[in-house]
Peer 1: 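Next up is a structure, given as structure tokens.
Computed from a prediction, not measured in an experiment: that's the story for all the values here. Keep in mind that the numbers below use all heavy atoms, side chains included, and drop hydrogens, waters and symmetry copies.
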Amino acid sequence: MTANLNALHEKVSHHLQAIYADVVLDRPVGELATQLMQSMRINSDEDITPPQPHFNYWDEDDIVMITYGDSITDGHEKPLFTLHRFLQTYCVNTINNVHILPFFPYSSDDGFSVIDYSSVNESLGDWDDISRLANDYGLMADLVVNHCSSRSVWFENFIKGEGPGSDFFFTANPDDDLSMVTRPRVSPLLRETQTSEGTKYVWCTFSHDQVDFDFRNPKVLLAFIDIIRLYIDKGAKIFRMDAVAFLWKIVGTTSINLEQTHEIIRLMRTLIEHVDPRIIIITETNIPNRENLTYFGNANEAHAIYNFSLPPLLVNTLVTGDCRYLKSWMMSMPPAQSGTTYFNFIASHDGIGLRPAEGLLDDEEISALVHTMQHFGGKVSWRASAHGQQKPYEINITLFDALQGTIKGPDRYQVDRFICAHAIMLAMEGIPGIYIHSLLGTSNDYEKVANTGQNRSINRKRWDLSELEALLDSPFSQHHKVLTRISQLIRIRKKQPAFHPNATQFTLQLGTQVFGFWRQSLDRQQSLFSISNISDTEQAVLLSDINLFGTDHWIDLISGDIIDNDENYLQLKPYQTVWISNLEAS
């Protein structure tokens, strides 16, 4: 082996030794390392691009739009082609990365029960459609790594007891002590399955159609490295590792966040970044905040982690008019070291997760939030606690309807409150992710819930393109207002060095009804204050409390107003946000 190849082989072998320390392998670790590298087509030094440690492969220009492949259809062309046309028409100079939620053949869970990882769902399009999108946008693809569909060939082979997949799935015994297992669902953990070798009990973290892999078998790891290489070949620039916290299971433990799971992420990171250092890994770990932070590792696991605590805290802030919990959380969040960053979002295809609010909001606060969201037409999904009690797991509601009012009820500030939420998110440390239905101001889809029987369908509307275009072209529709105002904020954001995902962030103390923080560009030339009235009454902010430097001239980037240092107060209307920047830098 040549020098770089040998060094990489040693590193991969080290990962494997840590992963399989308690597993008897059917081959030497060095042989498995060679197979993994060959799967990634790393066969010589020429195939390796050494990554630069602690380098930020992102900046303030990066915005990710989250969407299903068929969120917009027109009936005359494949939805992925329609999506591309929509982006080219309505997202010019705003969106530069697109997360297409699982676009593979599937059997349930709107794509997250994958039947075949190597093909595109024919109802959406084909690999050419994916490549077209990847040519014009940074493509974020899901690696559904914890489980696959019970209708997959792999699981069919498991039932037959022969062929690829026959030994891919994790089984346990009903008599095992499974009391500690962390569950995101209330369905039974084990699925009784008749196989050619008798009755087996397959581990199912999420549903009985989503059968969990057994990564103790290195063939499973090899299969996923093949899948990763395929997605890279098709243009993927961001990998979203779905439900990765549950990947490694050990009977008698919680089977979440185990050290082997972290080591597998490190291994995948090592292989991916030596092929193309610009490819980013984002871990999707819908768990309490402190546990979520561990997926940064030592800047050697995820490049970015989902900021799962932000949605429940920000919604709670805006419906209560009290930012103390959001402020305390922001003050406690460690700055992401260079080479890592947060992935900020406030709405997604899933609901508003409540587990990430545990320890941040007390039970009474969560109960009030759940009640308010139900009053606004939301649904609640439940999970079983360690003591067998049902606890709210997530709130299912569109963000637009979640912010239609306060704990007092609906009011006239729905659009302003909604825009305020995005102004806060867009200004925060990290890369922003905006769900397509937030960009479009979509309301709850009760018809889809009735049709599917799934609470999450409330926020998964499928738009007809002609209907949507008519609404977006109407200046009085909520959809036109929302798209116009969010697009304006994005365009402003993308020009501000102080909004670099790794720029300095400092939380301001402006009381409970005004939420503010200061950002400073990496070169320290631009200072930017994001200040939001999160209440339904006008608020006055003492300029002395913001500490604007008297030697600079200041402007609100959103309104264009010059800030007069001779004035004592800054008057903020209900849900108004100002982005105050030193004029020379903006």
Peer 1: Using a 6.0 Å cut-off, check whether atom CZ of R290 has over 12 heavy atoms from anything other than its own residue.
Peer 2: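 No, CZ of R290 has 12 or fewer neighbouring heavy atoms, counting only those of other groups under 6.0 Å.
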Peer 1: Got a donor-acceptor contact below 3.5 angstrom from the H479 side chain to the L440 backbone?
Peer 2: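 Yes.
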Peer 1: Are T406 and D536 linked by a side-chain donor-acceptor pair shorter than 3.5 Å?
Peer 2: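 T406 vs D536: no donor-acceptor pair found between side chains.
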Peer 1: Hydrogens and angles aside, do T398 and N459 bring a side-chain donor and acceptor to less than 3.5 Å of each other?
Peer 2: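 No, because no side-chain N or O of T398 sits under 3.5 Å from a partner of the opposite role on N459.
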Peer 1: How about S348 and D350: does a side-chain donor come under 3.5 Å of a side-chain acceptor?
Peer 2: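 Side-chain D/A pair, S348 to D350: absent.
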Peer 1: Given the side-chain rings of Y342 and Y306, with only the six-membered ring counted for Trp, is the space between their centroids under 6.0 Å?
Peer 2: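 Y342 vs Y306: aromatic centres not under 6.0 Å.
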Peer 1: Please find out if less than 6.0 Å separates the ring center of H422 from that of F418.
Peer 2: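 Between H422 and F418, the centre distance is under 6.0 Å.
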Peer 1: In this structure, is the centre-to-centre distance between the rings of F215 and F224 below 6.0 Å?
Peer 2: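 Yes: the rings meet the under 6.0 Å criterion.
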Peer 1: Within a reach of under 6.0 Å around CD of E447, are more than 12 heavy atoms found that belong to other residues, nucleotides or ligands?
Peer 2: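 No.
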Peer 1: Give a yes or no on whether a salt bridge exists between D142 and R240, defined as a side-chain N under 4.0 angstrom from a carboxylate O.
Peer 2: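 Yes, this pair counts.
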Peer 1: Quick one: do the K249 and N146 side chains pair a donor with an acceptor below 3.5 Å?
Peer 2: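 The criterion, which ignores hydrogens and geometry beyond distance, is satisfied for N146 and K249.
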Peer 1: What's the separation between atom CG in L403 and atom CG in D411, rounded to the nearest 0.5 Å?
Peer 2: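 If I round to the nearest 0.5 Å, the distance is 10.5 Å.
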Peer 1: Have W463 and T442 got a donor and an acceptor in their side chains that come within less than 3.5 Å?
Peer 2: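 On atom types as modelled, these side chains qualify, holding a pair under 3.5 Å.
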Peer 1: Between Y117 and Y231, does the ring centre distance come in under 6.0 Å?
Peer 2: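 Ring centroids of Y117 and Y231 are no less than 6.0 Å from each other.
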Peer 1: Are D110 and R460 ion-paired here, with the side-chain N under 4.0 Å from a carboxylate O?
Peer 2: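 So D110 pairs with R460 through a salt bridge.
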Peer 1: Does one side chain, of N257 or Y295, offer a donor that lies under 3.5 Å from an acceptor on the other?
Peer 2: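 Side chains of N257 and Y295: pair found under 3.5 Å.
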Peer 1: Salt bridge between D209 and R191, side-chain N to carboxylate O under 4.0 Å?
Peer 2: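 No, D209 and R191 are not salt-bridged.
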Peer 1: If every non-hydrogen atom of R485 is compared with every non-hydrogen atom of D416, which pair is closest and at what distance?
Peer 2: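 Nearest heavy atoms, R485 then D416: NH1-OD1, 2.9 Å.
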Peer 1: Stepwise, does the side chain to side chain contact (heavy atoms under 4.5 Å, CB included) test hold for V114 with Y106?
Peer 2: CA-CA 4 Å; V114 180; Y106 70 96; 5.5 Å; no
Peer 1: Indicate yes or no for a side-chain donor-acceptor contact from D109 to the backbone of F112 under 3.5 Å, with no hydrogens or angles considered.
Peer 2: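 Between the backbone of F112 and the side chain of D109 there is no qualifying donor-acceptor contact (under 3.5 Å).
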Peer 1: Quick one about S443 and Q478 (side-chain donor to acceptor, distance below 3.5 Å, no hydrogens or angles considered), yes or no?
Peer 2: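 Indeed, the side chains of Q478 and S443 share at least one donor-acceptor pair under 3.5 Å.
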Peer 1: More than 12 heavy atoms of other residues, nucleotides or ligands under 6.0 Å from CD of E364: is that the case?
Peer 2: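 Check fails, neighbour count at 12 or below.
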Peer 1: Are H349 and Y435 close enough, and set up right, to give a ring pair (Phe, Tyr, Trp, His ring centres under 6.0 Å), and what steps lead you there?
Peer 2: CA-CA 7 Å; H349 64 289; Y435 188 38; 7.0 Å; no
Peer 1: If you look at every heavy atom in A172 and L190, which pair is closest and at what distance?
Peer 2: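 Reported closest heavy-atom pair: CB-CD2, 4.0 Å.
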Peer 1: Apply ring pair (Phe, Tyr, Trp, His ring centres under 6.0 Å) to residues W154 and F168 and explain how you reach the verdict.
Peer 2: CA-CA 7 Å; W154 284 343; F168 276 21; 5.1 Å; yes
Peer 1: Would you check if there is a donor-acceptor pair between the side chains of Q414 and Y575 at a distance under 3.5 Å?
Peer 2: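 The criterion, which ignores hydrogens and geometry beyond distance, is not satisfied for Q414 and Y575.
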Peer 1: Please tell me whether F155 and F169 form a close aromatic pair, meaning their ring centres lie under 6.0 Å apart.
Peer 2: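 Ring centres of F169 and F155 closer than 6.0 Å.
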Peer 1: Applying salt bridge (Lys or Arg N to Asp or Glu O under 4.0 Å), can you list everything that pairs with D62, at least two apart in sequence or on another chain?
Peer 2: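 Applying salt bridge (Lys or Arg N to Asp or Glu O under 4.0 Å) to D62 gives none.
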Peer 1: Using a strict 4.0 Å threshold on nitrogen-to-oxygen distance, state whether D129 and R132 make a salt bridge.
Peer 2: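 Counted as a salt bridge, because a side-chain N and a carboxylate O are separated by less than 4.0 Å.
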Peer 1: Who are the side-chain contact (heavy atoms from CB on, under 4.5 Å) partners of V380, not counting sequence neighbours?
Peer 2: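 Applying side-chain contact (heavy atoms from CB on, under 4.5 Å) to V380 gives V370, Q374, W382, P392.
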Peer 1: Over all heavy atoms of both residues, which pair between E429 and P501 is shortest? Give the atoms and the distance, please.
Peer 2: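 Here E429 and P501 meet closest at CG-O, 3.0 Å.
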Peer 1: Can we say K200 and E192 salt-bridge, meaning some charged N sits less than 4.0 Å from an Asp/Glu carboxylate O?
Peer 2: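 Here K200 does not pair with E192 in a salt bridge, since their nearest N and O are not under 4.0 Å apart.
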Peer 1: Hey, mind stepping through F103 and W127 against ring pair (Phe, Tyr, Trp, His ring centres under 6.0 Å) and telling me if it holds?
Peer 2: CA-CA 10 Å; F103 46 80; W127 281 118; 5.8 Å; yes
Peer 1: To the nearest 0.5 Å, what is the distance between CD1 (I159) and OG1 (T195)?
Peer 2: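 Reported to 0.5 Å precision, the distance equals 8.0 Å.
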Peer 1: Do you see a donor-acceptor pair shorter than 3.5 Å between the side chains of Q210 and S113?
Peer 2: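 Note: Q210 and S113 side chains miss the donor-acceptor criterion.
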Peer 1: Which of these passes side-chain contact (heavy atoms from CB on, under 4.5 Å) with V202: D214, V211, D212?
Peer 2: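 Answer after filtering D214, V211, D212: V211.
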Peer 1: With a 6.0 Å cut-off on ring centres, are H147 and F213 close enough?
Peer 2: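 Between F213 and H147, which both carry aromatic rings, the centre distance is not below 6.0 Å.
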Peer 1: Pairing donors with acceptors under 3.5 angstrom, does anything connect the side chains of S131 and D128?
Peer 2: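 There is no such pair between these side chains.
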